[in-house]
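Working notes, beginning with the structure itself.
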Amino acid sequence: QVQLVESGGGLVQAGESLRLSCAASGSIASINHMAWYRQAPGKKRELVARITAGDSTNYADFVKGRFTISRDNAKHTVYLQMNSLKPEDTAVYYCNQQVVELGYFVGIDYWGQGTQVTVSS
């Protein structure tokens, strides 16, 4: 009942920036936990950044200080600002939503289809 659509990926050179967007649509009844994950070829999907329903954030160590997650609740959109990109950031980036109802995570989540980010050296 919820669809997540990522956008903003592309091919950039090392040191440049991108901003990813994840727009949610469908049956959205609350402010939810949102996160960005990424997966490189041959590797497991890993958490990049998370923002909770209460706007707390956390980041993977390998992006801390370079990436910023934010949200616009009115637009049902979450963003990932990626600065100082490195070749090792190359991956498909996925948006994730964990459903929160009345302040509690209810064990339901949704995933987007992903957007490719490629960083050349």
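Side chains are part of it too, since the values below use all heavy atoms of this structure and drop only hydrogens, waters and symmetry mates. Throughout, numbering of the chain's residues begins at 1 and tracks the sequence.
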Counting only heavy atoms not in Gln113 (residues, nucleotides, ligands), do more than 12 fall under 6.0 Å from its CD? no

Between the CG atom in Asn58 and the CZ atom in Arg50, the distance rounded to the nearest 0.5 Å is 6.0 Å

Taking all heavy atoms of Gln81 and all of Ser17, pick out the closest pair and write down the distance. NE2-CB, 3.9 Å

Heavy-atom check, side chain of Glu46 versus side chain of Phe62, under 4.5 Å: yes

Take Gln13 and Leu85, measure what side chain to side chain contact (heavy atoms under 4.5 Å, CB included) needs, and give me the verdict at the end. CA-CA 8 Å; Gln13 293 184 325; Leu85 283 163; over 6 Å; no

For Thr77 and Ser21, the nearest pair of non-hydrogen atoms, with its separation, is CG2-CB, 4.3 Å

Going by heavy atoms in the side chains, are Cys95 and Met34 under 4.5 Å from each other? yes

Between the OG1 atom in Thr57 and the CZ atom in Arg71, the distance rounded to the nearest 0.5 Å is 11.5 Å

With a 4.5 Å heavy-atom cut-off, do Val92 and Tyr37 have their side chains touching? no

To the nearest 0.5 Å, atom CD of Gln1 lies from atom CD1 of Ile108 at 7.5 Å

Here the gap from Arg19 atom CZ to Ser7 atom OG, rounded to the nearest 0.5 Å, amounts to 9.0 Å

Where Ala35 and Leu47 come nearest, the two heavy atoms and their spacing: CB-CD1, 3.9 Å

Is there a side-chain contact between Leu20 and Glu6 in this structure, where contact means two heavy atoms from C-beta onward sitting under 4.5 Å apart? no

What is the ring orientation for Trp111 with Tyr94, classed by angle as parallel under 30°, tilted 30 to 60°, or perpendicular over 60°? perpendicular

So, for Leu11 and Ser120, which heavy atoms are closest and what is the spacing to 0.1 Å? CD2-OG, 4.4 Å

Return the NE2 to CD1 distance between His33 and Ile51, rounded to the nearest 0.5 Å. 11.0 Å

Would you call Val100 and Thr52 a side-chain contact if the rule is heavy atoms closer than 4.5 Å? no

Applying the 4.5 Å side-chain criterion to the ILVMFWY set and letting contacts propagate, would Ile69 and Phe105 be lumped into a single cluster? no

Check whether any side-chain heavy atom of Thr68 lies under 4.5 Å from a side-chain heavy atom of Tyr79, and answer yes or no. no

Atom CG in Asp109, atom CG in Asn32: separation rounded to 0.5 Å? 10.5 Å

In terms of hydrophobic clusters joined by side-chain contacts under 4.5 Å, are Leu80 and Val12 together? yes

Contact summary for Asn73 and Ile31, nearest pair of heavy atoms: ND2-CD1, 3.5 Å

Determine, for Lys86 against Asp89, whether the closest basic-nitrogen to carboxylate-oxygen distance falls under 4.0 angstrom. no

Nearest heavy-atom pair of Ser84 and Arg66: which atoms, and what distance? O-NH1, 2.9 Å

